[in-house]
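Read the structure below first, then the notes.
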Amino acid sequence: MAASETVLRVPLASLSPSCYLASFFVNPTPILSLKPAGRKRRGLRCTNSHEVSRVSNNVARETMFHSPNWDLKGKKLVSTRCKCQKHDVEENFRSTLLPSDGLGSELKSDLDEMPLPVNGSLSSNGNVQSGGPKSIEDEAWDLLRQSIVYYCGSPIGTIAANDPNSTSVLNYDQVFIRDFIPSGIAFLLKGEYDIVRNFILYTLQLQSWEKTMDCHSPGQGLMPASFKVKTVPLDGDDSLTEEVLDPDFGEAAIGRVAPVDSGLWWIILLRAYGKCTGDLSVQERVDVQTGIKMILKLCLADGFDMFPTLLVTDGSCMIDRRMGIHGHPLEIQALFYSALVCAREMLTPEDGSADLIRALNNRLVALSFHIREYYWLDLKKINEIYRYQTEEYSYDAVNKFNIYPDQIPSWLVDFMPNRGGYLLGNLQPAHMDFRFFSLGNLWSIVSSLATNDQSHAILDFVEAKWAELVADMPFKICYPAMEGEEWRIITGSDPKNTPWSYHNGGAWPTLLWQLTVASIKMGRPEIAEKAVELAERRIAIDKWPEYYDTKRARFIGKQARLYQTWSIAGYLVAKLLLANPAAAKFLTSEEDSDLENAFSCMISANPRKTRGRKKAQQPFIV
Ligand code: GLC
């Protein structure tokens with residue numbers, strides 16, 4: 001697409017009658033190429049930023065996007081914002097939970113009065129049930145439904161946390177893309193498809209908005225980390241308000257971190273939607289196809305990097321703070337691989353996309369080879385690293401990344417079981433991050449980035465290290481925690497990421513769902529069953545915390561939100577999948593024969609396989 005053009009995406013979501021919508025909503029055109037005059041707003045926004053409030057700034061952005069001045073095949077566009085009844089403009093995070101057409105007022109007062117759910121005793125409207133205690137699952141469904149966010153009367157996502165007693169909301173009142181994934185899957189598995197479809201289409205609209213930070217715009221195709229529904233007064237009419245979607249691409253996020261994972265998760269959810277509903281019309285839409293391609297283009301763009309892994313900054317995924325995961329963290333690689341596989345399945349072949357598909361296929365092979373070969377760690381590999389020669393200058397070096405054996409941390413030697421292994425957290429020149437990162441490892445199983453043997457070995461490792469990785473609450477986000485000087489230097493003395501807390505070795509119940517998909521895929525559901533059973537002992541009593549602290553996950557996290565939606569949804573997805581394991585197929589990918597062939601060609605061409613250590617030539621030391 002030419003730089004001067006922009007893409008207008010038109011959602012097909014059903015809309016409440018009380019919302020006034022532009023005429024083109026009724027008569028949607030999948031994709032429109034527009035050439036707006038005055039597309040460049042950056043300078044204006046930048047120079048005027050001190051005068052422009054956040055809300056008006058975003059209104060400006062949306063007005064720009066749907067400007068009535070943009071002539072569309074001779075029609076005047078009015079606005080895509082819905083104009084609703086008068087609301088209090090002062091934002092209360094609860095207001096975003098409610099349909100804006102007034103139907104939600106009853107629910108709103110219920111929420112205001114909402115008793116804290118005490119282990120399975122809430123009914124769907126938030127009242128304590130008289131007919132005996134509710135099951136944990138029923139309570140979870142009630143809470144998940146209460147977390148739904150509406151836009152123009154349609155459900156479009158779930159709020160990150162719905163803790164009525166929290167004093168500082170921060171951005172937990174937003175719909176996070178990554179947090180919505182388990183919510184979306186829970187709804188899909190329950191047969192409630194609209195919210196997922198709306199989420200996919202509305203977030204797609206946000207994708208092409210311009211976003212800037214201090215006059216700099218990140219690449220086109222980036223999906224926001226989160227968004228919020230804002231109710232603002234309608235220009236020139238005090239009696240009316242309108243709702244606008246306000247995305248955050250990291251320009252307001254703590255630490256200004258780039259949400260690299262958002263677009264990857266979006267593709268994965270899109271594919272799951274098609275698989276689960278059988279409705280391929282969403283993924284086949286021209287605007288959705290364009291959205292997929294924009295994400296791919298951004299990820300596949302050439303850079304300076306020598307590796308096929310995706311190079312990212314620290315905090316660009318679930319761990320969205322500085323934790324020493326910049327470079328090529330496993331979580332991003334697993335999601336990247338998964339998104340490439342899903343996209344390949346969904347892209348409709350057309351002349352213009354042949355190069356992209358070729359680049360995608362090449363990257364898939366190179367990426368899986370790189371991760372399987374160089375990220376794999378088990379006792380044998382540690383021993384190999386322990387005996388590495390260094391400073392090998394040659395094309396067929398064994399120690400390609402010049403890893404100094406002294407890097408092997410002392411904890412690892414005792415920690416690695418005889419049976420089992422896992423994929424490294426990160427690999428860079430002269431640096432291996434030996435920490436175990438759960439999401440990356442679990443998603444490598446789900447997506448078949450790991451080989452079949454490696455996948456089983458990862459689960460063997462989880463079983464062997466249950467006391468450390470699960471202990472009292474599944475599942476540690478990473479192991480072990482960084483302490484002392486290492487913590488000070490790598491996290492920048494982050495008081496939230498102290499040892500065995502939050503991202504630094506805390507336990508996150510949401511990871512239950514990825515553990516469940518992985519263990520079902522490998523025919524070992526008993527692993528997930530055991531973890532779910534353990535979670536059920538505390539999670540509802542503890543009010544669904546975001547994370548747990550301490551080595552054995554004994555405490556509710558120091559700063560953990562309660563009623564954290566993805567803790568609730570993660571538990572529900574695990575339960576639903578264990579009850580219906582066949583449904584895990586909506587999320588898993590099997591390695592196809594093309595990939596398998598290409599991969600075995602690479603393996604047989606790999607010098608490491610064809611020569612032994614003894615045969616190595618004298619290294620040429622520079
Ligand atoms: C925290 C988590 C992040 C999550 C967000 C909202 O910042 O680190 O992964 O998306 O909270 O729940």
Side-chain angles (χ1 to χ4, degrees), residues 92-97 107-108 110-129 133-149 157-176 178-180 182-183 186 226 228 254 318 320-321 472-477 495-498 500-503 506-513 532 534-550 553-575:
N92 174 341
F93 80 87
R94 281 158 183 275
S95 70
T96 62
L97 296 169
L107 179 57
K108 182 167 171 15
D110 279 345
L111 279 170
D112 289 333
E113 308 282 309
M114 191 172 88
L116 289 179
V118 185
N119 194 18
S121 61
L122 278 183
S123 68
S124 54
N125 62 5
N127 294 329
V128 179
Q129 274 207 323
K134 217 163 216 223
S135 76
I136 297 176
E137 218 173 323
D138 287 346
E139 179 192 317
W141 272 113
D142 289 344
L143 293 169
L144 184 63
R145 290 192 205 294
Q146 284 164 19
S147 75
I148 294 176
V149 174
T158 49
I159 195 171
N162 195 6
D163 181 351
N165 290 338
S166 179
T167 46
S168 109
V169 173
L170 294 175
N171 51 357
Y172 285 85
D173 61 346
Q174 308 213 0
V175 179
F176 277 75
R178 74 174 72 85
D179 292 40
F180 180 74
S183 299
S226 59
K228 185 172 177 146
I254 296 165
M318 176 184 182
D320 54 359
R321 294 165 84 91
D472 284 8
M473 179 57 72
F475 201 96
K476 280 256 176 291
I477 195 166
K496 204 167 172 183
N497 271 335
T498 50
W500 307 109
S501 180
Y502 199 47
H503 300 141
W508 291 65
T510 187
L511 292 166
L512 258 183
W513 80 268
V532 168
L534 202 65
E536 278 177 336
R537 291 191 201 157
R538 290 183 61 184
I539 195 162
I541 301 170
D542 291 346
K543 300 176 186 140
W544 308 92
E546 181 186 12
Y547 64 94
Y548 285 79
D549 282 358
T550 78
R554 302 192 89 174
F555 292 165
I556 296 171
K558 217 180 342 184
Q559 292 187 43
R561 306 285 135 167
L562 302 180
Y563 303 108
Q564 180 81 18
T565 305
W566 69 352
S567 300
I568 297 162
Y571 165 77
L572 282 174
V573 172
K575 290 293 275 190

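No experiment lies behind these values; they were computed from the predicted model shown.
- Residues forming a side-chain hydrogen bond (donor to acceptor under 3.5 Å, both in side chains) with Asp542 (at least two apart in sequence, or on another chain): Arg538, Tyr548.
- Contacts of Thr158 classified as side-chain hydrogen bond (donor to acceptor under 3.5 Å, both in side chains), with partners at least two apart in sequence or in another chain: Ser183.
- Separation of atoms CD1 (Ile556) and CD1 (Ile539) is listed at 10.5 Å; rounding is to 0.5 Å.
- Expressed to the nearest 0.5 Å, how far CD1 of Ile159 lies from CZ of Arg561 amounts to 11.0 Å.
- Aromatic ring centres of Phe176 and Trp566: separated by at least 6.0 Å.
- The CH2 atom of Trp544 sits 10.5 Å away from atom CD1 of Ile541, with the distance rounded to the nearest 0.5 Å.
- In this structure Arg537 satisfies the salt bridge (Lys or Arg N to Asp or Glu O under 4.0 Å) test with no other residue, sequence neighbours excluded.
- The side-chain heavy atoms of Tyr571 and Val532, taken from C-beta on, include a pair separated by under 4.5 Å.
- The shortest distance between side-chain heavy atoms of Ile136 and Lys575 does not fall below 4.5 Å.
- The side-chain hydrogen bond (donor to acceptor under 3.5 Å, both in side chains) search around Ser501 returns Asp549, not counting sequence neighbours.
- Atom-to-atom distance recorded for Ile148:CD1 and Leu143:CG is 11.5 Å, nearest 0.5 angstrom.
- Gln146 and Tyr563 form no side-chain donor-acceptor contact under 3.5 Å, judged by distance and modelled atom types alone.
- Taking 4.5 Å as the limit, some side-chain heavy atom of Leu144 sits within range of a side-chain heavy atom of Thr565.
- Between Asp320 and Arg178, the shortest heavy-atom distance links the atoms OD2-NH1, 3.8 Å.
- A donor-acceptor contact closer than 3.5 angstrom is absent between the side chains of Tyr172 and Gln564.
- Every residue was checked against the side-chain hydrogen bond (donor to acceptor under 3.5 Å, both in side chains) condition with Lys476, not counting sequence neighbours, and none meets it.
- Listed by chain and number, the residues in a ring-ring contact (aromatic ring centres under 6.0 Å, His included) with Trp508 are Tyr502, His503, Tyr547 (sequence neighbours excluded).
- Considering only residues two or more places apart in sequence or on other chains, Phe180 meets the ring-ring contact (aromatic ring centres under 6.0 Å, His included) condition with Phe199.
- The CE atom of Met473 sits 11.0 Å away from the OG1 atom of Thr550 when rounded to the nearest 0.5 Å.
- The CG atom of Leu511 lies 9.5 Å from the OG atom of Ser567; values are rounded to the nearest 0.5 Å.
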